[in-house]
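Both ligands and their constituent atoms are indexed starting at 1 by order of listing. Computed from a predicted model, the values in this text were never measured in an experiment.
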Amino acid sequence: MTWVVKVGGAAGNRLAPVLDDLVSRRDYVLVHGGSDEVDRLGAALGRPAEYYTSPSGVTSRKSTPAHLETVVLALAGKLQTTIVAEFAARGVRAVGLSGVDGGLLLARRKEGARAVVDGRVLRVADDWSGTIERADPTLLTTLLGAGYVPVVGPPAATPRGELVNVDADRAAAAVAVAVGATDLLLLTNVSGLRRDPDDAASVIGHVARDRIEEVLPFAAGRMRKKVVAAQEALRGGVGRVVIASTAGPTPVGQALAGNGTVFA
Ligand code: ADP
């Protein structure tokens with residue numbers, strides 16, 4: 001049975017213990033984010049992040065063509081290659097894939113994003129972020145069948161071959177649905193979804209699949225994407241989603257044991 005593990009890319013995530021813990025495991029796809037790596041490269045290239053705030057008050061990063069190029073260089077280029085090399089050092093044969101490879105993640109460009117600028121609502125121009133419409137598991141099942149570990153990250157492509165930036169948590173959910181995963185582990189820099197984002201002792205242990213809307217208000221910023229991803233995965237037939245920490249010597253085992261927030 002196939003399962004999916006996604007490891008976060010923000011500061012505070014630890015990759016080495018996750019890879020150590022994956023060495024003896026089989027039949028999984030590793031999905032990665034990489035916001036820290038993207039920010040680092042963007043700064044080195046002199047490309048500061050651009051943000052916009054929607055009329056409902058949600059602030060998002062703008063995926064300008066320059067930012068999208070940074071995403072490709074930082075993720076499909078550097079981070080993915082590094083993860084594959086780190087796997088190789090542990091005796092695991094892995095293959096790095098962006099969502100573009102083999103038509104893995106097919107997306108639609110987000111249209112109609114609006115921003116409030118000087119009190120006026122304007123259309124966000126030149127934003128190349130996308131929503132995943134479909135994931136094709138063919139390449140993943142082929143690689144898994146041949147004993148390789150697929151390592152998957154943004155970007156995705158539209159049917160016209162335009163690259164679009166996609167959220168890695170939601171990409172992981174789409175991959176999990178496509179491969180018919182039993183479990184989706186979303187490993188991050190906190191030990192689960194907290195009732196109070198600032199209180200580490202307030203982690204919610206279990207969320208029933210039909211009550212996800214009730215916990216969504218607790219999730220701010222990027223944690224919201226993880227809760228949405230959990231909902232999308234369960235709706236698509238994934239058995240269980242766990243938001244858990246990359247910390248500790250066996251983060252994968254801990255998440256599989258249900259230490260974190262379990263959505264089922
Ligand atoms: P990753 O790169 O691992 O995907 P992010 O930093 O993007 O991680 O998202 C995790 C962050 O979400 C946490 O570090 C925390 O700051 C934030 N967050 C917001 N709301 C919550 C919440 N209710 N519970 C836990 N973390 C939250």
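Residues forming a ring pair (Phe, Tyr, Trp, His ring centres under 6.0 Å) with W128 (at least two apart in sequence, or on another chain): none. With sequence neighbours left out, T138 forms a side-chain hydrogen bond (donor to acceptor under 3.5 Å, both in side chains) with D136.
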Extract all N/O-N/O pairs under 3.5 Å that connect ligand 1 to the protein, and present each with both atom names and the distance rounded to 0.1 Å.
{"residue": "ligand 1", "atom": "2 (O)", "partner": "G9", "partner atom": "N", "Å": "3.1"}
{"residue": "ligand 1", "atom": "2 (O)", "partner": "A10", "partner atom": "N", "Å": "2.8"}
{"residue": "ligand 1", "atom": "3 (O)", "partner": "N13", "partner atom": "ND2", "Å": "2.9"}
{"residue": "ligand 1", "atom": "3 (O)", "partner": "T188", "partner atom": "OG1", "Å": "2.6"}
{"residue": "ligand 1", "atom": "4 (O)", "partner": "K6", "partner atom": "NZ", "Å": "3.2"}
{"residue": "ligand 1", "atom": "4 (O)", "partner": "R222", "partner atom": "NH2", "Å": "3.3"}
{"residue": "ligand 1", "atom": "4 (O)", "partner": "K226", "partner atom": "NZ", "Å": "2.5"}
{"residue": "ligand 1", "atom": "6 (O)", "partner": "N189", "partner atom": "ND2", "Å": "3.4"}
{"residue": "ligand 1", "atom": "7 (O)", "partner": "R222", "partner atom": "NE", "Å": "2.6"}
{"residue": "ligand 1", "atom": "8 (O)", "partner": "T188", "partner atom": "OG1", "Å": "3.2"}
{"residue": "ligand 1", "atom": "14 (O)", "partner": "N189", "partner atom": "OD1", "Å": "2.8"}
{"residue": "ligand 1", "atom": "20 (N)", "partner": "A220", "partner atom": "N", "Å": "3.0"}
{"residue": "ligand 1", "atom": "23 (N)", "partner": "R194", "partner atom": "O", "Å": "2.8"}
{"residue": "ligand 1", "atom": "23 (N)", "partner": "F218", "partner atom": "O", "Å": "2.8"}
{"residue": "ligand 1", "atom": "24 (N)", "partner": "R194", "partner atom": "N", "Å": "2.9"}

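In this structure, R211 places its CZ atom where only 12 or fewer heavy-atom neighbours from other residues, nucleotides or ligands lie under 6.0 Å away. Annotation for K110: atom NZ counts as buried by contact number, over 12 foreign heavy atoms lying within 6.0 Å. Open room surrounds CZ on R134; 12 or fewer heavy atoms of other groups in view lie less than 6.0 Å from it.
Legend: side chain to side chain donor-acceptor pair (under 3.5 Å) pairs involving residues 187-196, not counting sequence neighbours: none detected.
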